[in-house]
Amino acid sequence: MKQPSLDPDDCTEAVIRYYADMVYRLAFARTGTKHDADDIFQEVFLRYVKKHPVFQSEDHRKAWLLRVTVNCANKFWNSFWQKKVQGLTQEPEFLEEEHLRLYDQLSKLPPKYREVIHLFYYEELSIEEISRILGRKNATVRTQLTRARAMLREVIKEDHV
């Protein structure tokens with residue numbers, strides 16, 4: 001899909017279409033359920049429409065959307081309801097069994113590790129970009145990424161036994 005332009009009158013619908021998958025994947029990686037990811041997705045783009053932010057570049061727009069997604073997910077996890085209720089887990093529908101296995105393995109990681117894995121591998125962000133989006137130090141992100149990889153190796157090893 002064609003990247004939206006920086007024109008302030010840029011069609012909001014085109015921006016939503018272009019970034020929808022990215023925002024949804026991160027929301028799902030943080031929450032683990034379709035329903036909660038849908039809520040976060042809607043909140044992110046509602047904020048985008050209401051605020052009409054002006055960006056210096058497309059990278060700036062992408063970073064803003066990722067940061068708002070992380071903030072909405074954090075708000076979700078810190079809500080009174082979420083602290084008091086244990087939700088049902090829900091698996092996304094994958095076409096290939098390999099993707100389902102990988103999802104299952106990633107879902108065994110704590111959210112903070114799933115999050116850095118997702119941003120690094122799926123969104124192809126650098127350590128510096130991830131640290132800026134998550135509000136963490138570069139060293140913290142590197143450590144979490146290293147730990148997440150080690151945890152994932154262990155999970156994969158256990159699944160193959």
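Along the sequence shown, residues are numbered consecutively beginning with 1.
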| request: Could you tell me whether the side chain of Leu134 reaches within less than 4.5 Å of the side chain of Val116, counting heavy atoms only? | output: yes

| remark: Shortest non-hydrogen pair, Arg114 vs Ala29, comes out as NE-O, 2.8 Å

| field | Arg30 and its side-chain hydrogen bond (donor to acceptor under 3.5 Å, both in side chains) partner, picked from Thr69, Asp36, Asn74 | value | Asn74

| query | Does some side-chain heavy atom of Lys108 sit less than 4.5 Å from a side-chain heavy atom of Met151? | reply | no

| request: Let me see the working for Ser131 and Arg142 under side chain to side chain contact (heavy atoms under 4.5 Å, CB included), right down to the final yes or no. | output: CA-CA 9 Å; Ser131 66; Arg142 273 193 293 278; over 6 Å; no

| query | Is any side-chain heavy atom of Val23 closer than 4.5 Å to a side-chain heavy atom of Phe45? | reply | yes

| request: Locate the shortest heavy-atom distance separating Ala27 from Ile40; write the atom from each residue and the value. | output: CB-CG2, 3.7 Å

| query | Pro53 and Tyr48: which non-hydrogen atoms are nearest, and at how many Å? | reply | CD-O, 3.4 Å

| request: Would you give the length of the straight line joining atom OG1 of Thr12 to atom NE2 of His52, rounded to the nearest 0.5 angstrom? | output: 7.0 Å

| query | What's the shortest heavy-atom distance between Arg61 and Phe55, and which atoms? | reply | CA-CD2, 3.5 Å

| Intermediate values then yes/no, salt bridge (Lys or Arg N to Asp or Glu O under 4.0 Å), Lys112 and Glu115 | CA-CA 5 Å; Lys112 69 180 180 182; Glu115 182 176 63; over 6 Å; no

| note | dist Arg136:CZ -> Thr143:OG1 (nearest 0.5 Å) comes out at 11.5 Å

| query | Is there a side-chain contact between Asp39 and Thr31, using heavy atoms and a 4.5 Å cut-off? | reply | no

| request: Find out whether Leu125 and Phe120 are in side-chain contact, i.e. whether some heavy atom of one side chain is under 4.5 Å from a heavy atom of the other. | output: no

| query | With the threshold set at 4.0 Å, does a side-chain nitrogen-carboxylate oxygen contact exist between Glu13 and Arg17? | reply | yes

| So do the side chains of Tyr121 and Arg149 get within less than 4.5 Å of each other, counting heavy atoms only? | yes

| task | For salt bridge (Lys or Arg N to Asp or Glu O under 4.0 Å), just list the numbers for Glu43 and Lys75, CA-CA rounded to whole Å, side-chain angles, deciding distance to a tenth of an Å, and then say yes or no. | result | CA-CA 11 Å; Glu43 179 64 24; Lys75 182 179 174 188; 5.2 Å; no

| message | Before you tell me yes or no, could you show the steps for Gln144 and Arg147 under side chain to side chain contact (heavy atoms under 4.5 Å, CB included), namely the whole-Å CA-CA distance, both residues' side-chain angles and the distance that decides it to 0.1 Å? | response | CA-CA 5 Å; Gln144 288 176 335; Arg147 288 180 182 164; 5.7 Å; no

| request: Report yes or no: do Tyr122 and Ile156 belong to one cluster of Ile/Leu/Val/Met/Phe/Trp/Tyr joined by side chain heavy-atom distances under 4.5 Å? | output: yes

| query | Side chains of Glu123 and Arg25: does their closest heavy-atom pair fall under 4.5 Å? | reply | yes

| If you take all heavy atoms of Leu152 and Leu109, which pair is closest and at what distance? | N-CD2, 4.0 Å

| query | Any chance the side chains of Tyr19 and Glu58 put a donor and an acceptor closer than 3.5 Å? | reply | yes

| query | Quick one: does Lys157's side chain get under 4.5 Å of Glu154's, heavy atoms only? | reply | yes

| field | Closest contact, heavy atoms only, Trp64 versus Lys51 | value | CZ2-CD, 4.2 Å

